[in-house]
Amino acid sequence: MHTRRDAIFHSAKVAAMLASIGLLPVAALAQGAAYNTAAFEAKNMADLVKAMGVNAPAESKDVTVTGPDIAENGAVVPVGASTTLPGVKRLLLLVEKNPAMLAAMFDITDAIEANVSTRVKMGQSSNVYAVALMADGKVLFALKEVKVTLGGCGG
Amino acid sequence: MADPMRIRAQAAGDKTTVRVLMGHEMETGQRKDSAGKVIPAWYIRNVSAQLNGKEVMTAQWGPAVSKNPFFQFVVKGAKAGDKVTISWVDNKGDKRTDEATVS
Amino acid sequence: MKKRLITSLLLVACVGVSAQTKSTADGIAEYRAMLADGNPADLFEAKGEELWKKKRGPKNASLEQCDLGQGPGKVKGAFVQLPRHFADTNRVQDLESRLLTCMESLQGMDAAAIAKTGFGRGEQANIESLVAYVSAESRGMKISLPQSHAQEKTMFEVGKRAFFYRAGPYDFSCASCHGEDGKRIRLQDLPDLTKNPGDGIGFAAWPAYRVGNGQLWGMQRRLNDCFRQQRFPFPGYASDVTIALGVYMGVNAKGAESIAPSIKR
Amino acid sequence: MKKNHTRLILSVAGAMALAGCAAVAPKPDYDAMVNKMMMASFRDQGIATVDRLKQDASNEACSDAQGKDLPQAKAKAIEAENLKTVKLPADGKFIGDWKTGEKLAQNGRGMTWSDKSADTSANGGNCYNCHQLSKAEISYGTIGPSLLNYGKIRGVSDPTSAAAKPIVEYTWGKLYNAKAYNACSAMPRFGHAGMLDEKQLKDLMALLLDPKSPVNQ
């Protein structure tokens, strides 16, 4: 007999399975959607690479990180990641000195350009990384420093 | 219930720029209220984008994404009249789906 | 919107070219340009429109018949003429005090209780969305406060004196920071509010979304925080001093293009 | 405040009604109205109580001037009054620790209704809000003049020397009560208003005058 609890457990398992083979439909984007908790808790690049199960990153001029030189307010810092290289699977945005390094990760399909941007919080001036995970296993990155200034009256 | 998103999808040639604003606290779980109590983490974790019902992008976010998140991406081959759908789910299981027409 | 977008893109492009010799001011300008497209005030604007049209309160009525100075139900162009005198209340009112009047008379809510509510809580949170909506309906229009009624002239005169009123432990007045051109606190430019500081600057930029806290601030909250930083006691919500300052700044800003709701640090 | 009391006879509403029939009424007394309005519009919140709205003679004169210069005699009289309030350090030592001074200069907190205590230990110097001080800090205000190389420009190589005494005493006075030298200065009267104590003022003195301070590099 199926109890309600079983049904929930079952659907979560199915969702996880679908997610693992990239078949998760939007309608099912719920508790079961893939989320790499370990990656979002990583404090540094080594931990992040381990949590993601990917190769060590190498700097590349083919990857671009966008962001302001100076942010007037660390609560909202516009940042972007892009690359002109073909075969990108994922783009990551990292803030080196945040409590957890990984801010956002985007899965890139053939239907979109490898060019995403968002806004992130920065506790202090820090390097911001754009990381591209390539189909061939290469992990490429670009970085730039963003200064966060102290604004207002400070009161 | 969560507030509606604001989605703009503008086509230029064969590329469509999609800009999304979401209403969400994106609480980090590291801040304290005036009584010194930690405000629990509350943030969007999964985002998905569809073009005419076909998934074109998914994303995972951490609490470092700013409050009332904005994000932008570029869809290839979309044209005016196409439907762009964005969905998100947060760490409490709250979710929201909104749709916009490419112009 | 399109025009704003283009200028912001141009700014980014220009700044990008001279990256190596970029000054702090250029860096800040670049940061602001990057934020201009995608202002979360849009979220508040949409919510405000919904609230305006929604039947609420003890009288289960919408605000659609609210008279903001252009006649009942006319929202477009109302914001750039506020604060102004209203015959029914026989008072000069700014947008927020006028909304309180409508919420009480049309919807049966308790205006005094809302005025006492803290910013961002309860109906005060709804007012923030409403001011985003109402101000957005005058986006691109020029500030033009009426000064024909005697009370409007009086409010300008007392507002001017309130603007220069020095007191508190720091001896500050509004004019300490906003009385001269080209000044700043830390990196924030301070508009000279004793004259028209230009399109979309100062009075013509509020209400605004504050990126620092993700809140939408109307003029009442803006003035409240100015007085806090001025080390003054607490100004009552929609109190005479806040309305008078609104009239003084608004009359000075005559002809400036309103970009509200804008986005601010 | 004495003036306020005599001015308060007219209520704002009454005065406004008068303004409404200006043809027969005399010119409305806006000064009376603004005082009445200020008292009616504000309330106590935490440490920020309405008695802060009281103006001393300096603040009243500078408010009335509305940004214009005071008549010279009036300005001199105000400056003389304020100079009398300046207390030099009891132990005759003016220079503290510039490192603590730098922290104070960076700190823009204190005296708002959201601050819990009005004690000097809760207050910052607010210096960078209005002044440039060191090369390293790019986030500085411009309401006041740049103080970069403050001591160096004035030739102070040893702030404890007899040669430096005039500039040291002037600087102390400026921090203690800025209105002693400029009647309508925008600068708070840190010592006179009891916002910074002697030790804190000494640390700010060191920041400005110690040759090793980042201000003088």
Side-chain angles (χ1 to χ4, degrees), chain C residues 23-25 27-28 90-92 149-173 175-177 179-180 182-190 192 194 224-225 227-245, chain D residues 12 15-16 19-22 28 30-31 33-38 40-46 48-56 58-60 62-67 108 110-114 118 126 128-130 138-143 178-179 184-190 193-195:
Chain C
S23 71
T24 305
I28 293 291
N90 194 24
R91 279 184 63 203
V92 176
H149 194 279
Q151 280 192 36
E152 290 166 348
K153 287 183 196 137
T154 300
M155 277 303 212
F156 175 83
E157 288 298 332
V158 293
K160 181 180 185 179
R161 283 157 180 80
F163 190 86
F164 287 97
Y165 192 98
R166 281 183 178 221
Y170 281 19
D171 307 328
F172 283 170
S173 69
S176 302
C177 291
E180 269 183 84
K183 299 288 182 185
R184 42 176 237 232
I185 286 180
R186 290 281 183 168
L187 287 172
Q188 274 69 55
D189 297 317
L190 300 163
D192 178 357
T194 65
N224 183 277
D225 200 55
F227 278 126
R228 188 181 69 87
Q229 301 279 11
Q230 222 173 297
R231 276 71 182 180
F232 267 43
F234 195 96
Y237 186 83
S239 59
D240 279 346
V241 70
T242 62
I243 313 268
L245 285 169
Chain D
V12 172
M16 281 183 179
C21 35
Y30 295 122
D31 292 335
M33 281 190 247
V34 75
N35 284 314
K36 170 87 181 165
M37 179 179 77
M38 297 302 281
S41 293
F42 290 88
R43 63 168 170 80
D44 294 351
Q45 174 92 345
T49 51
V50 287
D51 61 6
R52 289 188 176 188
L53 295 173
K54 285 179 197 162
Q55 295 175 312
D56 69 355
S58 312
N59 276 336
E60 189 172 304
C62 297
S63 300
D64 291 348
Q66 295 187 0
M111 304 304 285
T112 73
W113 66 64
S114 43
N126 293 259
Y128 281 101
N129 284 352
C130 299
I138 56 164
S139 181
Y140 59 86
T142 60
I143 294 174
K179 271 77 171 175
C184 293
S185 166
M187 184 164 154
R189 294 174 280 190
F190 290 102
M195 287 172 317

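Order of the sequence lines sets the chain letters (A, B, ...), proteins ahead of strands, with each chain counted from 1.
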Chain C heavy atoms under 4.5 Å from [X]: which part of the residue, side chain, backbone, both or neither?
X      : answer
D:M111 : both
D:S58  : neither
D:A48  : both

Shortest non-hydrogen contact between [X] and [Y], atoms and distance:
X      : Y      : answer
D:S41  : C:V241 : OG-N, 3.1 Å
D:T142 : C:G182 : OG1-O, 3.6 Å
D:T112 : C:R228 : CG2-O, 3.4 Å
C:F232 : D:W113 : O-CE3, 3.4 Å
D:S185 : C:R166 : O-NH1, 3.1 Å

[X] portion near chain D, given a 4.5 angstrom heavy-atom threshold:
X      : answer
C:D225 : neither
C:L190 : side chain
C:A162 : both
C:F172 : side chain
C:A238 : neither

### Message
Below 4.5 Å, heavy-atom pairs only: which of C:G179, C:P233, C:A167 has the largest tally toward chain D?
### Response
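Most heavy-atom pairs within the cutoff with chain D belong to C:P233.
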### Message
Evaluate D:D44 against C:F234 for side chain to side chain contact (heavy atoms under 4.5 Å, CB included), listing each step before the verdict.
### Response
CA-CA 6 Å; D:D44 294 351; C:F234 195 96; over 6 Å; no
### Query
Can you find a pair of side-chain heavy atoms, one from D:Y140 and one from C:R184, that are under 4.5 Å apart?
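Yes, their side chains come closer than 4.5 Å.
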### Query
Do the side chains of D:I143 and C:S176 get nearer than 4.5 Å, heavy atoms only?
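No - every pair of side-chain heavy atoms lies 4.5 Å or more apart.
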### Query
Just checking, any donor-acceptor pair under 3.5 angstrom between side chains of C:R161 and D:S63?
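No, no side-chain donor-acceptor contact under 3.5 Å.
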### Query
Any luck finding a side-chain donor-acceptor pair between D:N59 and C:Y165 under 3.5 Å?
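The criterion, which ignores hydrogens and geometry beyond distance, is not satisfied for C:Y165 and D:N59.
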### Task
Say whether, by atom type as modelled, one donor and one acceptor occur between the side chain of C:R186 and the main chain of D:S139 under 3.5 angstrom.
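Side chain of C:R186 to backbone of D:S139: a pair is present.
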Return the [atom1] to [atom2] distance between [X] and [Y], rounded to the nearest 0.5 Å.
X      : Y      : atom1 : atom2 : result
C:Q229 : D:N129 : CD    : CG    : 8.0 Å
D:M37  : C:I243 : CE    : CD1   : 10.5 Å
D:Y30  : C:M155 : OH    : CE    : 12.0 Å
D:R52  : C:R231 : CZ    : CZ    : 9.0 Å
D:D31  : C:E157 : CG    : CD    : 10.0 Å

### Message
Looking only at heavy atoms and a cut-off of under 4.5 Å, which of D:A193, D:C184, D:G194 has the most pairs with chain C?
### Response
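Most heavy-atom pairs under 4.5 Å with chain C: D:C184.
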### Message
Heavy-atom pairs under 4.5 Å with chain C - which of D:M195, D:K179, D:R43, D:Q45 has more of them than the others?
### Response
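Most pairs with chain C among the choices: D:R43.
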### Test: D:R189 cationic atom under 6.0 Å from C:Y170 six-membered ring centre, within 45° of axis
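No, D:R189 and C:Y170 do not form such a contact.
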### Query
Which class fits the ring pair C:F227 and D:F42: parallel under 30°, tilted 30 to 60°, perpendicular over 60°?
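Correct class here is perpendicular.
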